[in-house]
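Each chain gets a letter, A, B and so on, in the order the sequences are listed, and its residues count up from 1.
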Amino acid sequence: MKTMTWSKEEFQDAAIHIAPKLLGQYLIHCTKTAEYIGKIVETEAYGGFYKGAADDGSHAFRGRTLRNAPMFEAGGISYVYLIYGMYHCFNVVTSAKDDAQAVLIRAVEPVGGIEAMLHNRRREKMNPAVTNGPGKLCAAMEISRQENGLPLWGDSLYIAGSPYGERFSIGTGPRIHIEYAEKGKFFPWRFFIKGNPFVSKG
DNA sequence: GCCGGGATCGAC
DNA sequence: TCGATCCCGGCA
């Protein structure tokens, strides 16, 4: 049975709607080394408004810059940036052009390309620390700024639905590590699969 | 130019 | 709890 891959149209929606929908879906990255498959277990929405307040936790809050430019494109492309000089974070850009919104993928459960993921993370055995954080999953799945601004409806980096009708309950809460955002730090825009061991500690 | 800081991680 | 490490963005 073939999985359904997300089309460009499906990304033209608010990040707050897409963030929970991405849970249980597969993030797939095909490289020369491996075909990486991770089940998305934790996401965060960025951009837009919550009860009339703009999201001051979003990179796009102060307008367009060189770094956040992909967020201002039409939904369905990647937004990958370097953080703390060492790590990368992968986002799915959503909504219409010039409506800067994105979903940060915070954690995945390894499903395919596991040997390569372990190698990339310099681990001997699988455990949650291999992919239970945004920087960790990028390192594991070979996602860096080379993957910035790429279409997600192509065939090298894309989202696919689960062929199984998997049931799970969704937890929500405030987003991680944006204490500087006076309004946004209270938005309940973090989503995760309850009980999944690969959800980040936060 | 210079300087402050970050949607993190892992060692101590 | 704290340091690593570097690009960006704001300001001069």
Side-chain angles (χ1 to χ4, degrees), chain A residues 11 14-20 22-23 27 38 40-50 53-73 75 77-95 99-110 117-150 152 171-193 197-202:
Chain A
F11 295 106
I16 187 63
H17 292 150
I18 292 186
L22 285 174
L23 295 176
L27 172 63
I40 298 168
V41 300
E42 182 179 356
T43 60
E44 283 178 355
Y46 283 90
F49 295 81
Y50 179 71
D55 181 15
D56 53 357
S58 170
H59 286 173
F61 180 63
R62 289 175 179 81
R64 184 184 183 123
T65 65
L66 198 59
R67 179 177 72 156
N68 66 24
M71 287 187 70
F72 288 79
E73 297 300 315
I77 65 171
S78 62
Y79 168 43
V80 183
Y81 60 91
L82 181 70
I83 186 71
Y84 298 108
M86 274 174 288
Y87 305 104
H88 295 272
C89 289
F90 171 79
N91 294 253
V92 173
V93 173
T94 78
S95 195
D99 182 14
Q101 301 197 26
V103 175
L104 171 69
I105 307 301
R106 280 196 59 87
V108 302
E109 175 179 334
M117 289 193 197
L118 290 174
H119 177 260
N120 295 340
R121 294 278 295 132
R122 293 155 218 277
R123 302 290 155 122
E124 299 280 320
K125 292 167 29 181
M126 179 52 63
N127 67 58
V130 174
T131 53
N132 69 350
K136 297 175 190 179
L137 76 90
C138 283
M141 299 184 68
E142 258 187 82
I143 295 171
S144 69
R145 280 189 304 173
Q146 289 191 320
E147 281 69 42
N148 188 30
L150 294 185
L152 298 176
T172 66
R175 294 166 294 176
I176 306 294
H177 208 285
I178 54 162
E179 294 303 309
Y180 55 85
E182 296 197 2
K183 299 268 177 56
K185 68 181 176 185
F186 301 113
F187 297 1
W189 283 4
R190 173 174 176 249
F191 304 88
F192 56 92
I193 294 180
F198 289 85
V199 173
S200 73
K201 303 302 174 225

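Read 5' to 3', the first and last nucleotides of DNA chain B with an atom closer than 4.0 Å to a heavy atom of chain A are B:dG6 to B:dG10.
Base pairing of C:dT5: no nucleotide in any strand meets the Watson-Crick or G-U wobble criterion (both distances under 3.5 Å).
A:L23 CG to A:E42 CD: the interatomic distance, rounded to the nearest 0.5 Å, is 9.0 Å. Residue A:D55 holds its CG atom at 6.5 Å from CD1 of A:I178, rounded to the nearest 0.5 Å. Annotation: the span from A:R190 atom CZ to A:T43 atom OG1 amounts to 9.5 Å, rounded to 0.5 Å. We find the CG-SG distance between A:N120 and A:C138 to be 11.5 Å, quoted to the nearest 0.5 Å.
Inspection of the A:S78 and A:E147 side chains reveals no N or O donor paired with an N or O acceptor under 3.5 Å.
Counting only heavy atoms from C-beta outward, the side chains of A:F191 and A:I16 approach each other to under 4.5 Å. The side-chain heavy atoms of A:S58 and A:M71, taken from C-beta on, include a pair separated by under 4.5 Å.
Test A:I143, A:L152, A:L22 against A:L27 for side chain to side chain contact (heavy atoms under 4.5 Å, CB included) and you get one pass: A:I143.
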For nucleotides 1-12 of chain C, read 5' to 3', which letter fits each nucleotide if B means a protein heavy atom sits under 4.0 Å from the base, S means only the sugar-phosphate is that close, and - means neither?
-> ---BBBSSS---
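Between A:E44 and A:R123, it is A:E44 whose nearest contact on DNA chain B lies nearer the 5' terminus.
Using a 4.0 Å heavy-atom criterion, one finds that A:R64 contacts no nucleic acid atom at all.
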